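Written below as structure tokens is the structure these notes are about.
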Amino acid sequence: MHQDTFITYLEKERRASQHTITAYQTDLQQFSQFLKEAYEIEDLTQVEGRQIRAWVVALLSDGKTPRTIQRKLATLKSCYKYFLEKGWTEKNPMQKVIAPKSGKRLPNFVQENQMLDLFDPSKVQFKNTYPDQRNRLILELFYMTGIRRSELIQLKEKDIDFANDVLRIMGKGGKQRIVPLVLGLPDLIKQFLELKKEKFPTTEHSEVFLTDKGKPLYPKLVYNIVRRNLSKITTIEQRGPHVIRHSFATHLSDHGAELNDIKELLGHSNLSATQIYTHNSIEKLKRAYQQAHPKASNKE
């Protein structure tokens, strides 16, 4: 099937992350199922714009948010662009499809004092066992480096440069970036690697983090580790790894870090993706102004 070739292209040539590939596969499977049930169409190259628009209506009726639908349409846009390049279709059915608009939403983040509580032994305790020390270091790396979940999972021991105290991260699209290790992180990593060596002396896996049984981590496990521990210090609804990444960037911005520096640390390809964090800082400044400025509190 054409969509299977497209997925292979993403995996082999574009070197997309497994998370991205899974999302694209899910979107295409859902769209294919809709086409089959509503129009008895099984070949994506035979699709017209009206059928995609009908899918958008169906998604909205099912309660899907504009943001979710925008992402699904982005999948179709990439897919049909590939079909055109291959000559499998002559017209792009996405040309007259308009995605539903959504309001600009600021990313959720954990308050700075709450994140510090996470690493305060008097507030949150981690036992001196392999699982607990692994979980603690996972949380430390997320907050101290801002790396993505997929980047942490695939992080290998050879990616740690102790001579220069940096991590070499393989990001989206196979782009490598350098992330500094500061504030005691190198020592924490060394201590953890010794503990891991004692736990799994003959392991063949080169990843830094392994499961309790010595296998490479998987996304759901990392999500559960983060959510369980963040639940100890915050009540915000979203408590996954990406929230710590948002917290990392927001707190850097709050303390005056340059936007370009945050962009490089996060591995963003352009500044537009990073600018959202300045909005969080601006909102914080507004709140401080409203609370502290005499005229701001003057109702007359």
Side-chain angles (χ1 to χ4, degrees), residues 1-11 14 16-86 88-109 148-150 171-173 219-220 223 227 236-243 245-246 249 266-277 279-280:
M1 296 172 67
H2 292 112
Q3 56 260 45
D4 293 335
T5 307
F6 170 63
I7 294 297
T8 301
Y9 158 75
L10 290 176
E11 185 176 13
R14 291 287 299 277
S17 69
Q18 187 56 52
H19 177 74
T20 298
I21 292 170
T22 299
Y24 274 48
Q25 285 177 321
T26 300
D27 293 340
L28 291 175
Q29 286 169 1
Q30 290 175 354
F31 182 51
S32 297
Q33 186 66 27
F34 171 80
L35 291 174
K36 188 175 180 180
E37 293 177 357
Y39 296 99
E40 297 184 353
I41 294 176
E42 297 190 9
D43 186 349
L44 294 191
T45 63
Q46 303 303 313
V47 170
E48 298 178 3
R50 61 186 178 86
Q51 287 142 357
I52 299 176
R53 291 194 292 272
W55 187 45
V56 171
V57 172
L59 290 171
L60 287 170
S61 299
D62 287 341
K64 296 293 187 292
T65 64
R67 187 181 182 89
T68 296
I69 296 172
Q70 289 167 7
R71 183 184 58 74
K72 292 180 181 298
L73 291 179
T75 295
L76 294 188
K77 184 177 180 180
S78 297
C79 184
Y80 281 109
K81 180 181 178 182
Y82 178 73
F83 286 179
L84 282 167
E85 290 173 353
K86 288 294 183 181
W88 294 338
T89 183
E90 295 181 358
K91 294 182 180 180
N92 186 349
M94 288 295 298
Q95 282 185 336
K96 295 184 179 181
V97 176
I98 300 175
K101 293 183 178 180
S102 59
K104 196 169 188 178
R105 187 177 65 179
L106 297 179
N108 286 315
F109 64 95
R148 301 177 177 91
R149 175 173 58 177
S150 59
K172 287 186 175 181
K220 185 64 175 177
Y223 175 84
R227 183 172 180 82
I236 63 172
E237 184 177 350
Q238 295 184 3
R239 297 191 289 273
H242 220 62
V243 169
R245 179 171 160 89
H246 291 325
L266 293 175
H268 286 162
S269 57
N270 55 67
L271 271 178
S272 62
T274 315
Q275 286 173 333
I276 190 71
Y277 298 107
H279 294 293
N280 273 331

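What you are looking at is a predicted structure, and each value in this text was computed from that prediction instead of being measured.
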If we only count heavy atoms from C-beta on, is the [X] to [Y] side-chain gap below 4.5 Å?
X: R149; Y: Y223; answer: yes
X: R148; Y: K172; answer: yes
X: L73; Y: I52; answer: yes
X: S78; Y: Y24; answer: yes
X: L76; Y: V47; answer: no

From [X] [atom1] over to [Y] [atom2], what is the distance, rounded to the nearest 0.5 angstrom?
X: K86; Y: K81; atom1: NZ; atom2: NZ; answer: 14.0 Å
X: I69; Y: K72; atom1: CD1; atom2: NZ; answer: 9.0 Å
X: Q25; Y: I7; atom1: CD; atom2: CD1; answer: 5.0 Å
X: Y39; Y: E48; atom1: OH; atom2: CD; answer: 9.5 Å

Residue R71 excluded, over 12 heavy atoms near CZ under 6.0 Å
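Yes, the 6.0 Å shell around CZ holds more than 12 heavy atoms from other groups.
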
E237, CD atom: more than 12 neighbouring heavy atoms under 6.0 Å
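At most 12 heavy atoms, drawn from other residues, nucleotides or ligands, come within 6.0 Å of this atom.
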
Sidechain-backbone polar pair: [X] side chain, [Y] backbone, donor-acceptor under 3.5 Å:
X: Q29; Y: T26; answer: no
X: Y80; Y: L44; answer: yes
X: Q70; Y: P100; answer: yes
X: D43; Y: T45; answer: yes

Parallel, tilted or perpendicular: which one describes the rings of F34 and W55, with boundaries at 30° and 60°?
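Plane angle between 30° and 60°, so tilted.
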
Look at the aromatic rings of F83 and F6 and report parallel, tilted or perpendicular, splitting at 30° and 60°.
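Rings of F83 and F6: perpendicular, as their planes differ by over 60°.
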
Which atom of L60 lies closest to which atom of K64, heavy atoms considered
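Closest heavy-atom pair between L60 and K64: CD2-O, 3.9 Å.
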
Taking every non-hydrogen atom, the tightest pair across Q51 and L35
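Closest heavy-atom pair between Q51 and L35: CB-CD2, 4.2 Å.
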
Will you find, in the side chains of S150 and H19, an N or O donor that is under 3.5 Å from an N or O acceptor?
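Checked: S150/H19 side chains show no N/O donor-acceptor pair below 3.5 Å.
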
Side chains of T22 and Q18: do they bring a donor and an acceptor to under 3.5 Å?
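Yes, side-chain donor-acceptor contact under 3.5 Å.
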
Tabulate below the donor-acceptor pairs under 3.5 Å that side-chain atoms of residues 89-99 make, not counting sequence neighbours, or state none.
{"unit_1": "T89", "atom_1": "OG1", "unit_2": "K91", "atom_2": "O", "d": "3.1"}
{"unit_1": "N92", "atom_1": "OD1", "unit_2": "M94", "atom_2": "N", "d": "2.9"}

Carefully, step by step, assess T68 and L59 under the rule side-chain contact (heavy atoms from CB on, under 4.5 Å).
CA-CA 9 Å; T68 296; L59 290 171; over 6 Å; no

side-chain contact (heavy atoms from CB on, under 4.5 Å) evaluation trace for T20 with L10
CA-CA 9 Å; T20 298; L10 290 176; 5.6 Å; no

